[in-house]
Amino acid sequence: MRGLRDFKVPDFKFPKLKMKDIPEIDEVKVDYEALQKAQENQKKRETKNYDATSYATIQEVFYKSIKTYGSKEFILEKFDPKGKYTEISYEQFGKDVIGFGTALTRKLSLEGMPRVLIISETTYEWYVSYMTMLCGKGIAIPTDKELPDNELENVVKRSKADVIIYSEKKAEAIKKIMEKVPEVKYFVKMYSEEGINGKNVGMKYLIEEGRALVESGDDFYSKIEIIPDEFKVLLFTSGTTSNAKGVMLSSRNLAENINAVSAYVKLGPTDRLFSVLPLHHTYESSIGFLVPMANGCSVAVCQGLKHIVPNLKETNPTALLAVPLLVENLYRKINANIKKSKKDGLVNSMIHVTNALKVVGVDVKRKVFGEIHENLGGKLRIIVSAAAPIDAKIGKWVEDIGIVFLQGYGLTETAPISALTPEFQPKVGSAGKAVFQAELKIDNPNQNGEGEVLIKTPTLMLGYYEDEEATKEAIEVKEGQRWFHSGDVGYLDQDGFLYITGRSKNVIVTQNGKNIYPEEIELLLGQIAEIKECMVYGKEAPKEDANKELIISVKVIPNMEEIEAQYGKDISEEKIKDIIWEKIKEVNKQLTSYKAIKNLEIKHDEFEKTTTMKIKRYAELKKEQQ
């Protein structure tokens with residue numbers, strides 16, 4: 001799923017691997033005749049979806065889950081960095097949501113459809129805040145905690161937020177919003193017991209006040225009727241400049257994610273998901289929160305990126321949602337450790353043996369590769385990678401050590417799920433197949449079957465916020481069916497699996513899922529007098545770069561008239577580049593760190609353009625690759 005922001009993976013450390021269980025497996029004899037027959041039967045095997053759920057709203061999911069799973073643990077979070085994880089039950093979560101929702105109306109008099117912006121790190125009260133809005137009156141606005149102050153201010157203004165719920169870590173940024181955006185009615189601070197003090201109030205105070213009202217007989221909140229297709233969530237796709245798009249989602253959009261996943265992946269109360277990705281993104285908030293809630297799973301909150309490995313061991317999750325960079329780093333570190341232990345040859349041999357045994361019904365992978373599993377918590381059975389492509393050999397390795405590897409595809413506009421690998425029909429390397437009740441097709445395919453990916457799905461957004469023109473451009477209505485133009489280039493194989501081969505739109509998607517719209521940066525660069533024209537793009541990193549991260553680059557045609565007027569004639573190219581680079585550094589200060597320009601190239605000839613004078617980006621990028 002596109003759009004994940006500045007996700008940086010720390011240096012993992014694993015203990016030396018002894019692979020002590022491998023010698024026992026050496027004695028296993030493989031019946032290769034039986035293996036061949038089993039492989040043939042496996043190819044012939046018909047696949048069938050699981051029975052899918054049919055939820056229409058998240059409210060329906062919420063009340064069913066808190067009733068069904070009551071005393072079972074739901075959210076696990078370490079509130080004391082040096083302490084143990086606290087387990088919060090479905091019952092407590094339900095009471096906190098209903099209490100908070102009651103207080104927002106009864107104590108703050110937020111009638112009608114208040115717009116509530118939520119900004120914080122992943123924490124229990126984020127989950128409570130989001131669910132409160134999904135089950136009550138109003139619109140939730142999940143917002144990236146990494147936004148610079150000026151971008152946050154723009155989000156608040158553009159969304160017309162009535163309330164801001166924030167954590168202590170965002171207190172300084174919110175203080176500035178209080179001064180600059182007087183239209184905001186209330187500022188609710190998480191984990192604060194402060195009573196109503198002007199526009200300030202503590203969230204803990206409101207939850208307790210609301211719970212007291214409910215216990216005294218106030219059932220207002222639980223009787224709220226949610227219309228499946230009403231506007232419930234507003235998400236800005238990237239940044240907050242005037243051309244950034246706001247995606248409007250309904251409760252049905254989110255509920256259909258649950259229905260879609262349930263047909264392809266079986267989850268239950270014994271499963272636990274590990275939350276490491278940011279919750280403001282629909283990948284984590286939908287698949288990592290709403291889906292597990294619907295299935296009685298628990299969710300363990302990672303303390304922070306540097307704590308991933310110890311937190312995995314403490315919480316023993318069964319499923320992990322990841323971006324490719326995280327999976328790639330796990331793969332690299334574990335294999336480097338195996339090589340250091342001089343077990344790489346033996347491990348590779350055991351991969352072949354255990355693969356053969358699995359085909360004939362003998363699965364000993366978790367025993368053979370037990371030490372690797374222990375370093376990942378001991379119970380991990382599923383890893384889902386999305387947001388950007390991943391090397392197929394890494395996905396195959398995950399399967400080889402005994403973990404189901406699934407890939408997903410989607411966008412914020414599809415809330416986000418559009419395609420997913422069914423766990424009963426793995427196909428490493430693809431982006432999955434169209435999810436339950438969705439359809440994918442390729443528009444105007446070339447001789448290789450490649451073309452723009454079009455999506456028809458019940459998870460498709462209502463439209464772009466206050467931008468009817470952009471909505472009509474993105475969603476094509478054919479015979480009463482709404483087809484979304486994804487802007488991605490790909491093809492479908494004979495089994496309906498999707499393979500993404502490029503981007504037809506301008507969005508830059510980096511290896512670790514960061515989503516960058518070049519127009520936003522170009523708009524700022526265009527204000528530099530010394531720049532005549534420019535094009536921002538993602539430049540491939542050198543092959544020797546282990547992270548292989550895209551380098552955000554810009555091709556610039558200098559405005560020589562302005563440069564000569566300011567700096568004199570007969571100026572060297574090196575000096576021209578220095579002048580422009582100093583100006584770009586000033587623009588970088590206005591950008592979130594991952595958007596910052598890292599590479600400047602001076603261009604002397606004109607850009608290739610369309611008849612409407614737009615730069616042909618992909619023609620220019622093709623030159624870059626030559």
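Sequential numbering from 1 along the given sequence is applied to the chain's residues. Worth saying up front: this structure is predicted, and the values here are computed from it rather than measured. Atom set for the values below is all heavy atoms of this structure, side chains included, hydrogens, waters and symmetry mates excluded.
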Trainee: Taking the six-membered ring for Trp, are F74 and Y90 parallel (under 30°), tilted (30 to 60°) or perpendicular (over 60°)?
Mentor: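 F74 and Y90: parallel rings.
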Trainee: Taking M293's backbone N and O only, do any of them form a donor-acceptor pair with S65's side chain (distance below 3.5 Å, no angle check)?
Mentor: yes
Trainee: Tell me whether D493 contacts the main-chain N or O of D495 through its side chain, where contact means a donor paired with an acceptor under 3.5 Å.
Mentor: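 Confirmed, D493 side chain pairs with D495 backbone.
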Trainee: Hey, what do you get for OG1 (T315) to NZ (K379), rounding to the nearest 0.5 Å?
Mentor: 10.0 Å
Trainee: Could you walk me through whether I390 and F405 pass the side-chain contact (heavy atoms from CB on, under 4.5 Å) test, one step at a time?
Mentor: CA-CA 11 Å; I390 189 170; F405 183 74; 4.0 Å; yes
Trainee: Begin with the C-alpha distance, continue with both residues' side-chain angles, and end with the deciding distance and a verdict on side chain to side chain donor-acceptor pair (under 3.5 Å) for T457 and E256.
Mentor: CA-CA 9 Å; T457 173; E256 290 290 0; over 6 Å; no
Trainee: Can R158 be said to sit on top of F236's aromatic six-ring, NZ or CZ under 6.0 Å from centre and within 45° of the ring axis?
Mentor: no
Trainee: Under a 4.0 Å N-O cut-off, is there an ion pair linking E468 with K472?
Mentor: yes
Trainee: Is a donor on one side and an acceptor on the other found under 3.5 Å between the side chain of T123 and the backbone of W126?
Mentor: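 Absent.
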Trainee: Should the ring pair Y264 and F424 be called parallel, tilted or perpendicular, given that the plane angle runs from 0 to 90° and is split at 30 and 60?
Mentor: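 It falls in the perpendicular class, over 60°.
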Trainee: Mind checking whether I165 and M190 have side chains closer than 4.5 Å, heavy atoms only?
Mentor: yes
Trainee: Between K204 and E193, is there a salt bridge with N-O shorter than 4.0 Å?
Mentor: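 Salt bridge: yes.
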Trainee: Is a side-chain N or O of S262 found less than 3.5 angstrom from the main chain of T53, in a donor-acceptor match?
Mentor: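 Yes, the answer is positive, given that a donor and an acceptor are paired below the 3.5 Å cut-off.
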Trainee: Which atoms form the tightest heavy-atom contact between A322 and L326, and what is the distance?
Mentor: CB-CD2, 3.8 Å
Trainee: Is the count of non-hydrogen atoms from other residues, nucleotides or ligands lying under 6.0 Å from E473 atom CD greater than 12?
Mentor: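 No, because the 6.0 Å sphere around CD of E473 holds 12 heavy atoms or fewer from other groups.
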Trainee: For T459 and N257, what are the C-alpha separation, side-chain angles and deciding distance, and is it a side chain to side chain donor-acceptor pair (under 3.5 Å)?
Mentor: CA-CA 7 Å; T459 66; N257 276 273; 5.2 Å; no
Trainee: Using only heavy-atom distances, determine whether the side chains of S275 and E284 contain a donor-acceptor pair under 3.5 Å.
Mentor: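 The criterion, which ignores hydrogens and geometry beyond distance, is satisfied for E284 and S275.
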Trainee: Looking at every heavy atom in both V233 and L134, which two are closest together, and how far apart are they?
Mentor: CG2-CD2, 3.6 Å
Trainee: Do T471 side-chain atoms and Y464 backbone N/O form a donor-acceptor pair below 3.5 Å?
Mentor: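 At least one qualifying donor-acceptor pair exists.
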Trainee: Taking T412 for the side chain and T237 for the main chain, is one N or O donor matched with an acceptor at less than 3.5 Å?
Mentor: no
Trainee: How long is the span from the OG1 atom in T122 to the CG atom in L279, to the nearest 0.5 Å?
Mentor: 4.0 Å
Trainee: For K169, does the NZ atom have more than 12 heavy-atom neighbours from other residues, nucleotides or ligands under 6.0 Å away?
Mentor: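 Not buried by this count: 12 neighbours or fewer within 6.0 Å.
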Trainee: Would you please indicate if the ring centroids of F187 and Y166 are separated by under 6.0 Å?
Mentor: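 Judged by ring-centre distance (under 6.0 Å), F187 and Y166 do not meet the cut-off.
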Trainee: Keeping the roles fixed (side chain from E73, backbone from S298), state whether a donor-acceptor pair exists under 3.5 Å.
Mentor: no
Trainee: Run the numbers on Q59 and S251 for side chain to side chain donor-acceptor pair (under 3.5 Å), then give the verdict.
Mentor: CA-CA 8 Å; Q59 184 190 51; S251 194; over 6 Å; no
Trainee: Under a 4.0 Å threshold between the charged nitrogen and the carboxylate oxygen, would E476 count as salt-bridged to K478?
Mentor: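 Yes, K478 and E476 are salt-bridged.
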Trainee: May I ask you to decide if R115's main-chain N or O and D162's side chain share a donor-acceptor pair within less than 3.5 Å?
Mentor: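 It does hold such a pair.
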Trainee: Check G304 against N311 and note the closest heavy-atom contact, atom names and distance.
Mentor: N-OD1, 4.5 Å
Trainee: Given the rule in the side-chain contact (heavy atoms from CB on, under 4.5 Å) test, do K180 and V156 qualify, once you have shown the distances and angles that lead to the verdict?
Mentor: CA-CA 10 Å; K180 295 182 177 181; V156 174; over 6 Å; no
Trainee: Considering all heavy atoms of both residues, which atom of T143 and which atom of L117 are nearest to each other, and what is their separation?
Mentor: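 That would be OG1-CG, 3.3 Å.
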Trainee: Go through the steps for I287 and V261 under the test side-chain contact (heavy atoms from CB on, under 4.5 Å), then give the verdict.
Mentor: CA-CA 8 Å; I287 312 304; V261 172; 4.0 Å; yes
Trainee: May I ask you to check whether over 12 heavy atoms, not counting those of K199, lie within 6.0 Å of atom NZ?
Mentor: yes
Trainee: Identify the two heavy atoms, one from G202 and one from V188, that lie closest to each other, and give their separation to 0.1 Å.
Mentor: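 Here G202 and V188 meet closest at C-CG1, 4.2 Å.
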Trainee: Atom CD1 in I88, atom CD in E77: separation rounded to 0.5 Å?
Mentor: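 Reported value, rounded in 0.5 Å steps: 6.5 Å.
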Trainee: Taking the six-membered ring for Trp, are Y283 and H281 parallel (under 30°), tilted (30 to 60°) or perpendicular (over 60°)?
Mentor: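 Perpendicular: the ring planes of Y283 and H281 meet at over 60°.
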Trainee: Test side-chain contact (heavy atoms from CB on, under 4.5 Å) on D96 and Y127 and set out the steps.
Mentor: CA-CA 10 Å; D96 288 345; Y127 294 106; over 6 Å; no
Trainee: Roughly how far apart are L206 CG and Y186 OH, rounded to 0.5 Å?
Mentor: 9.5 Å
Trainee: Where the side chain of S286 meets the backbone of A415, is there a donor-acceptor pair that is under 3.5 Å apart?
Mentor: yes
Trainee: Atom OH in Y124, atom CZ in F79: separation rounded to 0.5 Å?
Mentor: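 Answer for the OH-CZ pair, Y124 versus F79, is 8.0 Å.
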Trainee: Can you tell me if E452 uses its side chain to pair, donor with acceptor, with the backbone of G487 under 3.5 Å?
Mentor: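 A pair under 3.5 Å: yes.
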Trainee: Of all heavy-atom pairs between I382 and L406, which one has the smallest distance, and what is that distance?
Mentor: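 I382 and L406 have their closest heavy atoms at CG2-CD1, 3.9 Å.
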Trainee: Are E314 and K78 ion-paired here, with the side-chain N under 4.0 Å from a carboxylate O?
Mentor: yes
